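Contents: one structure, followed by commentary.
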Amino acid sequence: MDRLARGRGRGPLLEHLISGVSANAPEEARIFFANVESVLSGTCSSRAIHDFVDGRADVDAQLWNAAASLGWFGLGISGEGPGSGLGVEGFVSFHRALGRFVAPGPYIATLSSLRVLSESNDAGALAPILSGGYDGRIALAVPASSDEARIELSGGKLSGRIRMLGARASAFVAHTYALVPVVSGDTASWALVDCAGSGVASGTLSMWDRTREVDDLTLERAEPLHVIADPAGSMAERLATYVSLAVAADSLGGAAAVAAKTVEYLNQRVQFGRPLGSFQALKHRAANLMLRIVTSEQLLAQGNNVLGRGSADAALWASLAKASATKAYSFVAGDCVQLHGGVGHTWEFDCHLYLKRARLNEVLWDSQSRAADRAGALLMKALRHGEAIGELDHGA
Amino acid sequence: MAHDPAPPLGEFRTRVRNWLEEKWPQIEPLTHARRGTAAYVDAQKRWMALRHEAGLATPHWPVRHGGSGLGLEHQIVAADEMARAGAPDSDLFIVSLNHFPATLLACGTEEQQQKFLPTVQQGAVWCQGFSEPNAGSDLASLTTRADLDGDEFVINGHKIWSSFSMYADYCILLARTSTGAKKHDGITFFLMDMKSPGIRVSPIKKSTGISEFGEMFLEGVRIPAANVVGQIDHGWAVCQVTLAAERGLLVFEELERQWYDTLSFFQSATRKGATWLEDDASRREFIELMAEVQANRLLVRKLLRSDGLNGTAQSLIAAFVKVLFSTSKQKLSDLLTRIECLGGQVEEGASRDGRGSPMRDYLASFGHTIAGGSNEIMRNIIAERGLGMPR
């Protein structure tokens, strides 16, 4: 108990992990994210998330409504509310914040789709979504895995089956639109389809991670709202880039949060007459968590920066960030269960929430190996064309 | 070239690049010298002379001490360009260029600075006399003695792991001048002339087969009291500055080299259609490690630009950089060794003309995970200072 009384305080790293908001961000962003943190702390407290996961509270609806009324969806669409103008950095920081609280809601799919559609050359792509102003009335869904088979387009109708991230028509949105990859003969494209339209059926898959939704979408001669041509696959690449960065950010937010909770636990829990955190073996375990997190953070920053600059190697770094961050999150969350001892693998404690979120993140969109292969192929292509890879010092 | 007041960065980069190109016929042969040979020492000294000629030996030093007063961003550019070009490193001068000047500029008197800093520009090799057989991670428990005799201190003791001590002209030395209640009190920081009588250097052979560091036996070595840096008995505070010099540009240049080497290795494997690229596990592991090297480059830039942060935050970033850099080096050389299969297990002899072999790099990598504050000590620092875990 003497060691506890001596009290070394939390340490700057732990403070940083807990606070999550970058001191270096511009004023506008800091204010915005202080606001986001404040709402998330209230709506998505540990107790609230446990209630949500146990089916006792509609936290997803509460949060989505707050997001809409506070203009957070500007993070997906420029010109719409306080979130707009925060750029890629804002998009990334937002998902990091959600990850810290394991917040439920189809944000990854919605915000990534909104950005990709608004950046596409197809003026009609956003029309079905924006008509009447966008205020979160519409949620979007994207393929849960890049491995899913494309939907067939024939005679103007869509048919096929695909697992989507968040395609159930939710109670708290007016519409859910699925953005599905399409093939027609040899031609690739993407289609927007109303999940409540005729010929569309969605069955919710019961996921280990109850904070996200993956649905089995079946299309039988369904009419698309809009078809966007993507012959060169550039829209697919943009979607992969945004989803990868969102998942990476979610992962690092979650990893930081569960690591912080775990270190606090270690510093307080006393066994053998001393806090667990005073044992060197556990200090090294905690340090190893930080080493993984800090490494992945750099890659996320790299992905963030290159995409923000409009650089050609954005997809490469987004893939690497996703692979690194999700692997780190799974490692960290798993070790945090172990570091908690008995309480670590109970339903009641938070660890399993993070662990399940981590495991789903690991396979969302690209698996580890697919992400590495995607990055490897992009790297080889760039090297063959004599492009500069990973340049870091642009001032000179 | 770099004697002008700080030129704009882009212009400076161009000048460094042009200088490297112009001098390449003289520089390139110096890259082939094999470590652990007299030819290596000679090559290192020639390279230092070339850098000195161009004002690139000590560009970051204050102008009054022969530097160009160039700031951090210029140093980054110069280090980056040298790494890109594949110019030789300056390992023989690591202490001369980093540990020694950082300490003397922060803690030395004006007279000491005037007398000793120019030795570096004259090509002097400095070594470090810190660790002892019984004082490694626990450096403060050192027992080499310094007893005052008139206006000189008499040194008796035994140092170990002193890199390039067999070639050194000078040594920064820690010795105990008194025994107090705490082991950190009573240590004094000295500047020692390696030509002094009573110094015997005994090289130690590394697992790589070369002897670059060694033991120093000190018997009745006399050091003038004027060569004490900082206060007598308060050398521990001085050596904290020295240890902090391990961070920063030193690692930066190594990381830049690691990046360019990794990229060019991948490029040449792609061109040759190397078989390891067909092996999913190896290819994926390589991509992952490449990403880690890039992550480390980003982190070291944060470290270099961390002057606005407090000392604890800086020492934490430095601890991260140290562990991550040394671990990546080990993992990469480990992978490349495996990729080479049986061929990689053949000790190179003359066939590799001074170019690294992955197995040698792998063996040498333990020097980085163990020295400069072992990775275990770094993890203690991260946990205790960073996460507030109780001692």
Side-chain angles (χ1 to χ4, degrees), chain A residues 3-4 6-17 259-260 263-264 266-267 274-280 282-291 294-299 301-302 305 317 319-321 323-324 327 368-369 371-373 375-376 379-380 383-384 389-390 392-393 395-396, chain B residues 8-14 73-74 76-77 80-81 256 259 263-264 266-267 270-271 277 280-281 283-288 290-299 301-302 309-310 312-313 316-317 319-320 323-324 327-328 375-376 378-391:
Chain A
R3 287 173 197 251
L4 273 179
R6 277 210 290 277
R8 305 195 73 248
R10 277 167 160 180
L13 260 186
L14 193 53
E15 288 293 350
H16 172 71
L17 284 180
V263 171
E264 287 204 299
L266 288 173
N267 288 348
R274 47 196 278 205
L276 286 189
S278 67
F279 288 97
Q280 192 190 42
L282 301 185
K283 285 181 191 176
H284 285 201
R285 291 272 285 281
N288 287 341
L289 300 179
M290 293 312 305
L291 287 162
V294 165
T295 300
S296 300
E297 286 281 5
Q298 308 314 308
L299 287 169
Q302 172 76 341
N305 293 340
W317 294 107
S319 280
L320 290 174
S324 171
K327 195 165 171 184
Q368 286 296 326
S369 33
D373 290 345
L379 180 62
M380 285 197 228
L383 287 174
R384 271 199 297 271
I389 299 288
L392 289 178
D393 302 298
Chain B
L9 281 177
E11 196 184 307
F12 181 69
R13 184 184 286 279
T14 308
E73 298 300 324
H74 288 80
I76 287 176
V77 165
D80 178 33
E81 286 301 314
E256 293 301 284
W259 173 249
L263 261 186
S264 91
F266 190 63
Q267 185 155 33
T270 310
R271 266 197 218 116
L277 285 173
D280 287 344
R283 190 188 63 249
R284 287 167 187 161
E285 192 180 336
F286 182 83
I287 295 288
E288 195 176 292
M290 229 193 71
E292 273 182 34
V293 174
Q294 182 74 332
N296 296 342
R297 289 173 82 212
L298 284 155
L299 193 59
R301 279 158 173 76
K302 282 207 171 104
L309 298 180
N310 65 42
T312 303
L316 278 172
I317 305 179
F320 275 103
V323 174
L324 291 172
T327 313
S328 292
N375 286 359
E376 285 68 31
M378 293 298 112
R379 286 182 171 90
N380 285 357
I381 289 172
I382 289 168
E384 288 165 8
R385 287 188 218 162
L387 297 171
M389 295 178 85
R391 292 208 181 162

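Because the structure is predicted, anything quoted here is derived from the model rather than measured. Below, chain A is the first sequence line, B the second, and so on; all start at residue 1.
- Interface residue Leu383(A): backbone and side-chain heavy atoms are both found under 4.5 Å from chain B.
- With respect to chain A, the highest number of heavy-atom pairs below 4.5 Å among Met378(B), Glu288(B), Glu285(B) belongs to Glu288(B).
- Arg301(B) places no side-chain N or O within 3.5 Å of a backbone atom of Leu392(A) that could act as its donor or acceptor partner.
- For Leu320(A), the part sitting under 4.5 Å from any heavy atom of chain B is the side chain, from C-beta outward, and nothing else.
- Between Glu376(B) and His284(A) the shortest side-chain heavy-atom distance falls below 4.5 Å.
- You'll find the side chain of Glu297(A) stays beyond 4.5 Å of the side chain of Leu299(B), heavy atoms only.
- Proximity to chain A (any heavy atom under 4.5 Å) is restricted, for Met290(B), to the side chain, taken from C-beta onward.
- Of the atoms belonging to Ser324(A), not a single heavy atom falls under 4.5 Å from chain B.
- Contacts between Ile76(B) and chain A at a heavy-atom distance below 4.5 Å involve the side chain alone, from C-beta outward.
- Remark: the backbone N or O of Leu298(B) is not paired with any side-chain donor or acceptor of Gln302(A) at under 3.5 angstrom.
- Looking at every heavy atom in both residues, Leu282(A) comes nearest to Met389(B) through O-CE, 3.9 Å.
- Within the 4.5 angstrom heavy-atom criterion, atoms from both the backbone and the side chain of Ala291(B) approach chain A.
- Between Ile287(B) and Ala372(A), the shortest heavy-atom distance links the atoms CG2-O, 4.0 Å.
- In this structure, no portion of Glu73(B) lies under 4.5 Å from any heavy atom of chain A.
- Annotation: the span from Arg284(B) atom CZ to Asp373(A) atom CG amounts to 4.0 Å, rounded to 0.5 Å.
- Contact detail for Leu387(B) and Ala287(A): the closest heavy-atom pair is CD1-N, 4.5 Å.
- Under a 3.5 Å cut-off, the side chain of Lys283(A) and the backbone N or O of Pro390(B) do form a donor-acceptor pair.
- Exactly one residue among Asn375(B), Thr327(B), Val323(B) makes a side chain to side chain contact (heavy atoms under 4.5 Å, CB included) with Leu291(A). That residue is Val323(B).
- With values rounded to the nearest 0.5 angstrom, Gln280(A) atom CD is found 10.5 Å from Arg379(B) atom CZ.
- In this structure, no portion of Ala323(A) lies under 4.5 Å from any heavy atom of chain B.
- Contact annotation for Leu316(B): only side-chain heavy atoms (C-beta onward) come within less than 4.5 Å of a heavy atom of chain A.
- Contact tally against chain B (heavy-atom pairs below 4.5 Å) for Leu289(A), Asn288(A), Leu276(A): the top residue is Asn288(A).
- Note: Asn380(B) leads Asn296(B), Ile382(B), Asn380(B), Leu277(B) in heavy-atom pairs under 4.5 Å with chain A.
- The contact between Gln267(B) and chain A is made by backbone and side chain atoms together, counting heavy-atom distances below 4.5 Å.
- Note that the CZ atom of Arg391(B) and the OG atom of Ser278(A) stand 12.5 Å from one another [nearest 0.5 Å].
- With sequence neighbours excluded, the residues forming a ring pair (Phe, Tyr, Trp, His ring centres under 6.0 Å) with Phe286(B) are Phe265(B), Phe266(B), Trp276(B), listed by chain and number.
- Residue Thr295(A) holds its OG1 atom at 6.0 Å from CD of Glu292(B), rounded to the nearest 0.5 Å.
- Of all non-hydrogen atoms in Val294(A) and Phe320(B), the two that sit nearest each other are CG2-CE2, 3.7 Å.
- In this structure, chain B has a heavy atom under 4.5 Å from the side chain of Arg384(A), while its backbone stays farther away.
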